[in-house]
Amino acid sequence: MKLFSTLAVKKALDDVILDAFTAETGITVEGVYDPTVQLLRRIDAGETFDVMIGVTSSFDSLGHLVDLTSRQAVARTGVGLAVPAGAPVPDISTKDAFVQTLLNARSVAYSVTGASGIYFAELLNRLGIADQINAKATIIEKGFIANAVVDGRADVAIQQLSELLFVPEAQIAGPFPAEVQHYTEFSAALALEAAENPEARAFIEFLTSAKANEAYAQTLLEIPVA
């Protein structure tokens, strides 16, 4: 069975969920991971899948390919900030402190295609500091942004908390303060061609099981608010 999945839930899937599902059912899952925007491009290019996990709203335009009645929310995550290991942890407890941390940074790294980077770019405009930050930003198309603070390209990295975890050499300073926090919800759905596939349906159900929920919590994901 082929899974298209956003990077945000990759660690939960790789560390726990896929192996647990295979152990319970004997079904193996081939995972393909990219930001949701990139997954949509792969779909446009003709690639196929059985199950997709992506930003919930991304499925709205996929009714010709996805069984929308099978869509169910599985997890959500907020956006966080990481710095190099051993560096002083900046104060980002309030909006003003957060803004000052960004302005003080030598370079801020963020993605141009991931959900967190798209939101962050909008946030910079809203805060009125887009020109100052982007003049010294390290813009990355996709991948794990905290690598940029490990190799020295930047001293601050912005990404969803569950993705920052993928770079243990960096340290997570914390989530964005509540005034500017943004949660992205992720859902799973079946491809139309897999709508009657019992293995795919079993996997969709497993993604909201107690075992899966435990894995989400361990990787800085949250259960979506009903």
**Message:** Could you work out, with side chain to side chain donor-acceptor pair (under 3.5 Å) as the rule, every residue matching S107, not counting sequence neighbours?
**Reply:** T138
**Message:** Would you say CD of E196 has more than 12 non-hydrogen atoms from neighbouring residues, nucleotides or ligands within 6.0 angstrom?
**Reply:** no
**Message:** Tell me whether the count of non-hydrogen atoms from other residues, nucleotides or ligands lying under 6.0 Å of NZ in K136 goes above 12.
**Reply:**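 Atom NZ in K136 is packed in, count exceeds 12.
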Return the set of residues passing salt bridge (charged side-chain N to carboxylate O under 4.0 Å, His left out) with [X] (not counting sequence neighbours), or none when no residue passes.
X: E30; value: none
X: D131; value: none
X: D14; value: K10
X: D15; value: K11

What's the separation between atom [atom1] in [X] and atom [atom2] in [Y], rounded to the nearest 0.5 Å?
X: T6; Y: Y33; atom1: OG1; atom2: OH; result: 11.0 Å
X: T184; Y: L221; atom1: OG1; atom2: CG; result: 10.5 Å
X: L40; Y: M52; atom1: CG; atom2: CE; result: 5.0 Å

Going by distance alone, is a donor N or O of one side chain under 3.5 Å from an acceptor N or O of the other, for [X] and [Y]?
X: Q100; Y: D96; answer: no
X: Q72; Y: E205; answer: no
X: D67; Y: T69; answer: yes

**Request:** Check E163 against A8 and note the closest heavy-atom contact, atom names and distance.
**Result:**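 In this case the closest contact between E163 and A8 is CG-CA, 3.6 Å.
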**Asked** Shortest non-hydrogen contact from V32 to L39?
**Response**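 That would be O-CD2, 4.2 Å.
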**Prompt:** Which ILVMFWY residues are connected to V37, directly or by a chain of links, through side-chain heavy atoms under 4.5 Å apart?
**Reply:**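 Via sub-4.5 Å side-chain contacts, V37 links to I118.
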**Asked** Under the ring pair (Phe, Tyr, Trp, His ring centres under 6.0 Å) rule, what pairs show up with a residue in residues 55-85, not counting sequence neighbours?
**Response** none
Pairs meeting criterion salt bridge (charged side-chain N to carboxylate O under 4.0 Å, His left out) with involvement of [range], two or more places apart:
range: residues 181-193; result: none
range: residues 212-223; result: R76-E222
range: residues 44-58; result: R42-E47

**Request:** Please list, chain by chain and in numerical order, all residues satisfying ring pair (Phe, Tyr, Trp, His ring centres under 6.0 Å) with F21, sequence neighbours excluded.
**Result:**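 For F21 the ring pair (Phe, Tyr, Trp, His ring centres under 6.0 Å) partners, ignoring immediate neighbours, are F203, F206.
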**Sequence-distant partners of Y110, ring pair (Phe, Tyr, Trp, His ring centres under 6.0 Å), two or more places apart** =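 Listed in chain order: F120.
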